[in-house]
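Heads up: the structure comes next, in structure tokens.
Worth saying up front: this structure is predicted, and the values here are computed from it rather than measured.
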Amino acid sequence: MAGEVSEKAPGATLSGRVSSHEGSTVETASLKANQAQPKRSQSPLDLEKADSRVIKPPREAGDDDLYKHLPEREAKVLKDQVYTPDVKVGIATLYRYASRNDLIIIFVASVCAIASGAALPLMTVIFGNLQGTFQNYFQHLTTYDDFVDELSGLVLYFVYLAIGEFVTSYVATVGFIYTGEHISAKIREHYLESCMKQNIGFFDKLGAGEVTTRITSDTNMIQEGISEKVGLTMAAVATFVTAFIIGFISYWKLTLILLSTVVALMLCMGGGSTFIVKYSKHNISAYAEGGSVAEEVISSVRNAVAFGTQDRLAKQYDTHLTRAELYGFKVKGAIGVMVACMMLILYLNYGLAFWMGSRFLVDGAVPLSKVLIVMMSVMIGAFNLGNVAPNIQAFTTALGAAAKIYSTIDRVSPIDPASDDGKKLDIVKGTIRLENIKHIYPSRPEVVVMEDVSLTIPAGKVTALVGASGSGKSTIVGLVERFYSPIEGAVYLDGVDISSLNLRWLRQQVALVSQEPTLFSTTIYENIRHGLIGTKWEGESREVQQELIYDAARKANAHDFVTGLPEGYETNVGERGFLMSGGQKQRIAIARAIVSDPKILLLDEATSALDTKSEGVVQAALEVAAEGRTTITIAHRLSTIKDAHNIVVMSQGRIVEQGTHDELLEKRGAYFNLVTAQAIAAVNEMTAEEQEELDREEEKILIRKASIHNKQADSSHTSGYAEDPDDDIAAKLNRSTTQKSASSMALAGRSKESPVKYGLWTLIRLIGSFNKKEWKLMVIGFFFSIICGLGNPVQAVFFAKLISALSVPVTDATIPTIQSEASFWSLMYLMLAIVMFISFATQGVIFAKCSERLVHRVRDLAFRTMLRQDVEFFDLDENSAGALTSFLSTEATHVAGLSGVTLGTLLMVTTTLISACTVALALGWKLALVCIATMPIVIGCGFFRFWMLAHYQRRAKRAYAGSASYASEAITSIRTVASLTRENDVLEQYKVNLAIQQRSSLISVLKSSLLYAASQSFMFLAFALGFWYGGTLIAKFEYDMFQFFVVFSTVIFGAQSAGSVFSFAPDMGKATEASRALKTLFDRKPTIDTWSVDGDKVEGVDGSIEFRDVHFRYPTRPEQPVLRGLNLTISPGQYVALVGASGCGKSTTIALLERFYDPLAGGIFIDGKEISSLNINEYRSHIALVSQEPTLYQGTIRENILLGAPHEVTDEQIRFACQEANIYEFILSLPEGFNTVVGSKGALLSGGQKQRIAIARALVRDPKVLLLDEATSALDSESEHIVQAALDKAAKGRTTIAVAHRLSTIQKADIIYVFDQGRIVEHGTHVELMRKNGRYAELVNLQSLEKH
């Protein structure tokens, strides 16, 4: 924070930087920094040293540090506005908002969850007893009838278990999901309610973005932690406990021995997960570094394009990817080995159980049925314990998220609009008085925004505030609305201190129209009606309200255009009102402000964001609105306020002078200068009619151009033209005369590029192409996958062999054979365990290697392809730096879901199923067919169980997306909500939203849980069928025990394992989506393609530049003309300056010269050649750009300077460039010299130092044309001198084009072009233009005022 440079007062930047905070002016700051140096003289030597302080990296300042330079009382006022308590969250706190019904439901669901968990091990008892029944029958201990009775009894138990499992798991799932939603909805409500109560300072500190992520992602995390996962965990624990109870009851010695498997599994999972966690941390941090490189590059893509450094930056990104690949391989390899270990333990457990069991059996201690029961329950219990771990993580994240959310919920706002405290005045006259106000924004404690301001604003009169930006005008509005509390002094309404008044009541007396009007995404009618909230008309009938609304709209000059819309007042304005033009939005906002007939009207630059046409209309509306109310207007254009009763001129947080228009003119002070400057300019401004004429002219040109294009395209079918979205503009611009069609046409023009549909096969081919080199490895992997698949049927044969060997009656004669058979088959289990371990581990590691390679290559190519795109691509909203970097980090990893791993998994499953069916049919076709019939159900159960769990998570996230965007809309425009006192309205609406979502999601949960419960319980029915039919066959002596168990266990267990393997398979749905997105990216050919080798070679450049009648609009904003017929000529070696108000097309001219875009009409020529005909990379290599925000990348100073050079450069050249840029001495003074690391985005250097390195980088390529885009505007005055000196040096002997905001910097220019509305209105040298006394003179005077 302490190092953060504020945009407001220029004096603050340095004092914020020096470690001590007292220095508030530049002078003291620079003295502190260089105590030895006297007040600086303008000799070049001092310039070298002046900005040579090494910046200490800003410490993470705690709250106390930020405010410690302020007196205690002031610091307390600020801290109160941003302080948030820390809340300790335990399990009980999560359920803080549970109602009594919720708790009852949770109790019932818990009981059911435990019951459903206990059902699984009970199955083993039935299974064991069935084996015992068979054995008795074969040993002729029971008759046929007894056998059939016993069989049917046990088979019925399976059916009962199935029903019980179905009911309990259904109730448990529905119960937990319902209460989870209900409680998290309550938390969401309380959170939004708390946000609505908070003061504005709280949001400044947090940022609206943070608040919205909390309401979206953090509440989702809480919901995940208290929904179905609780039930699953309880069930898993219940299974574990029941299994061991059953085991110990059946035969405690064997159970104790088999407990070793649990220990082994725990060690395996624990050991595996420590590795996995350790490596994935490394992997994430390695990728995070790569991601931040990508983010740096993409966010400053113009720079990378201008210097042609895409390739070198991509290489830098690639080094991080290589590290991430290594750790990623270790993570995935560790997972593979862990799965292999689990298989090893599984088979070893079978071997151990049978071997020990056979010893106990021979001793007559226990029958075989008990051995089976113990063995299977231990298996089930041990593996279920593994299900608990991933859920524990969900609980901890939920607790973490809850801590953040509850800390906001429990925060007591110092300025709370919801409270009922405070007085309400019976009669409001509307006199406002500010007394000795001192104000500091809590989020920027180092800047004093207002100092000792006293001002009276009389009732019913118009008071205007004027002054440079950052002089404290808007702050007055914030204080009157009581968005902030002043540090000293007070604001009075009719003589009463407003901090003692009721806040909501106060805000209802005041209406605010701000510079950027915020409308909510509902109808126009509703938007205006928001102004009635909290007034006496709120509860009136619709007719009365409608009359008021229409009346307000008429006054605001909006009624006519609204009724002209197809749906009239019921037209939806879109999110943040983006379906309306600026002027339309502003007039609706004015109607909303005056509908309740407020006593006080605040207009914060209400017309500054509009173009000339709308401005006149809106201004007229405002004048009507202001009649008879206390009005405070803040204005940029002085013509709009000359009738004000009192004009207050502010500068740097103080009032300079005040009086009426005429009085101030007589004083000949600051106001006089401003007025004369603007009056001169007014002569040069176009009237609305002229503007219309110009627009029409321009459209004709564009339409002509487009129709020529289309003819060409038809004749030659060149895809180059047909698909260029800009050419379509003419059609969009062919607008009818009404405003509506113009803006809607422009929007229609924003349509996305139509997505191409790709088939699955294309995508698989695309992904395969990335893994071409590894095909030999892949084949080995597939081979081992097949072996893994064969493990199951082989296991079944061993199982059956052992059972039939052990079910021989135990006599002295049979004991040796029983023992030798048991030992032999148990050792076969050992062999199988080792083979499985090797196969699983090998294929796991091989596929880990391949998939990490794949991810690496995909990321690399995707990043290079992104850098290949033209600048237009990055202007689209969906391609913001954040979106593209997250695309690189997430989508690229999803792609692995279609790679070798998935194929290996599918091979494994197919092998298992085919071999299982073959073995079964060969040994006993009758039973095999019956069992195979149940296969789809069993596999389906395994698959759907996992699919449903994933589905629950997806659904929970989706369901709340709608209400979350509503909430975030309200939070982003919190000032508007607060000034309209809409808090309760927003909450009511949000509650309705949530309730609707809960109802719909409850219905969907009731349906989808049926599927989940079925998948849990149908297993038992398949068992029942197999045993019943097998039993009847055994009863007729058609099958013996061996046949029955081989067939039954190959098919049923085979299908079971096949089903659960699906859960390990990565998400294929995500993979196809991701690869589709990648394919689209790879196939996108930009219009201005940096990879192309076409175009004429550029040998040398003299540097004569010419713009001929250039028309341009940004592709993302086709409705906004930027350049309208620009003509410019620049001779070689000239220093040309472009000046004008913001938004007049200066920077666009630079962008077109760099060929970031192509103009819509007209051409740009360099040395007489049109630049679009030249090879783009060669052309750019002769140009260097120094932009407003210097972009440095991570790395050393030397690396950053070298990025400018298109070819090898000697140290001598680097030194020369640095000397020219006035930075050489500074670099040498650093301990590491040129090898000093600059930090992310150059954070370890000051602004001026960064800018000078950027200049050195531009000079090292020895450009013929130097483009300076506001190169000094972001600096404080000390650095500016130095950088300016460096720029003047750099410009010698080159064609230089400078865009400047501070006019003092370009007085020496050879020629100055003054832009207005995309055309050049005047040009000449500084002296000539000052004599003309036109637009340029106005700009100069305006700026001299800011210096006062």
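Using cut-offs of 30° and 60° for the angle between ring planes, the F1048 and F127 rings count as tilted. In this structure, F134 and F147 have tilted ring planes: the angle between them lies in the 30° to 60° band. Note on ring orientation: taking the six-membered ring where Trp is involved, the planes of Y160 and Y157 are perpendicular (angle over 60°, cut-offs 30° and 60°). The aromatic rings of F1053 and F799 sit perpendicular, their planes meeting at an angle over 60°, well past the 30° parallel limit.
Considering CH2 of W825 and CD1 of I803, their distance stands at 13.0 Å, rounded to 0.5 Å. Taking CG of L156 as the start and CG of L161 as the end, the distance is 11.5 Å to the nearest 0.5 Å. Separating the CG atom in L1010 from the OG atom in S1015 is a distance of 11.0 Å, to the nearest 0.5 Å. For the atom pair CG of L923 and OG1 of T1050, the computed distance is 8.0 Å after rounding to the nearest 0.5 Å. Separation of atoms NZ (K278) and OH (Y327) is listed at 9.0 Å; rounding is to 0.5 Å. In this structure, the separation between OG1 on T893 and CG on N283 is 9.5 Å, given to the nearest 0.5 Å.
Under a 3.5 Å cut-off, the side chain of Q139 and the backbone N or O of S807 do form a donor-acceptor pair. Counting only distance, with no hydrogens or angles, the side chain of D1040 and the backbone of Q1043 share a donor-acceptor pair below 3.5 Å. Side-chain N or O atoms of Y1039 include one that pairs as donor or acceptor with a backbone N or O of K926 at under 3.5 Å. A distance-only check finds no donor-acceptor pair linking the side chain of E165 to the backbone of A162 [under 3.5 Å].
S250 is not listed as a side-chain neighbour of T255, based on a closest heavy-atom distance of 4.5 Å or more. A 4.5 Å side-chain heavy-atom check between Y829 and V794 finds every atom pair outside the cut-off. For the pair M778 and C850, the minimum side-chain heavy-atom distance is below 4.5 Å. Residues I815 and V810 are in side-chain contact: their nearest non-hydrogen atoms beyond the backbone lie under 4.5 Å apart. Residues F244 and L259 have side chains in contact (heavy-atom distance under 4.5 Å, counting atoms from C-beta outward). Side-chain atoms of I373 and N129, non-hydrogen and from C-beta on, do get closer than 4.5 Å to each other. Between F138 and I1034, the closest side-chain pair of non-hydrogen atoms falls below 4.5 Å. Two residues are said to be in side-chain contact when any heavy atoms from C-beta on lie closer than 4.5 Å; L254 and V366 fail this criterion.
The two residues F770 and E774 come nearest to each other via the heavy atoms O-OE1, 4.3 Å. In terms of heavy-atom proximity, T912 sits nearest to G1054 at CG2-O, 3.9 Å. In plain terms, the two heavy atoms of S823 and W355 that are nearest each other are OG-NE1, 3.9 Å. Of all heavy-atom pairs between L368 and L361, the closest is N-CD1, 3.4 Å. Summarising the geometry of A1022 relative to V938, their closest heavy-atom pair is CB-CG2, 3.8 Å, with the distance given to 0.1 Å. Looking at every heavy atom in both residues, A243 comes nearest to G381 through CB-CA, 3.8 Å.
Note on K332 versus E852: salt bridge recorded, some NZ/NE/NH1/NH2 to OD/OE distance being below 4.0 Å.
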message: Please determine whether ring pair (Phe, Tyr, Trp, His ring centres under 6.0 Å) holds for the pair F837 and Y347, giving the CA-CA distance in whole Å, both sets of side-chain angles, and the decisive distance to 0.1 Å.
response: CA-CA 10 Å; F837 176 71; Y347 291 124; over 10 Å; no

query: Could you go step by step and tell me if L913 and I939 meet the side chain to side chain contact (heavy atoms under 4.5 Å, CB included) rule?
result: CA-CA 10 Å; L913 295 182; I939 294 178; 3.6 Å; yes

query: Given F847 and F329, is the ring pair (Phe, Tyr, Trp, His ring centres under 6.0 Å) satisfied, shown in steps?
result: CA-CA 9 Å; F847 287 136; F329 165 61; over 10 Å; no

- request: Step by step, work out the side chain to side chain contact (heavy atoms under 4.5 Å, CB included) result for M123 and F1023.
  value: CA-CA 9 Å; M123 174 205 82; F1023 279 177; 3.0 Å; yes

field: side chain to side chain contact (heavy atoms under 4.5 Å, CB included) between C341 and M269, worked out
entry: CA-CA 9 Å; C341 274; M269 285 180 171; over 6 Å; no

task: Determine, stepwise, if the pair D146 / T143 fulfils side chain to side chain contact (heavy atoms under 4.5 Å, CB included).
output: CA-CA 5 Å; D146 290 349; T143 61; 3.3 Å; yes

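Between Q131 and S369, the side chains place no donor N or O within less than 3.5 Å of an acceptor N or O (distance only, hydrogens not considered). With no hydrogens or angles considered, a side-chain donor-acceptor pair links T133 and E150 at under 3.5 Å. Checked by atom type, the side-chain pair T814/T817 shows no donor-acceptor distance below 3.5 Å.
Atom CD of Q393 is surrounded by 12 or fewer heavy atoms from other residues, nucleotides or ligands within 6.0 Å. Taking a 6.0 Å sphere around CZ of F1018, one finds it holds 12 or fewer heavy atoms contributed by other residues, nucleotides or ligands. Within 6.0 Å of atom CZ in F783, 12 or fewer heavy atoms from other residues, nucleotides or ligands are found, so the atom counts as exposed in its surroundings.
For K370 and Y251, the positive end is not near the middle of the six-membered ring at less than 6.0 Å and at most 45° from its axis. For the pair K801 and F1042, the cation sits on the ring face: its NZ or CZ lies under 6.0 Å from the ring centre, inside 45° of the axis.
The aromatic ring centres of Y144 and F1037 sit 6.0 Å or more apart.
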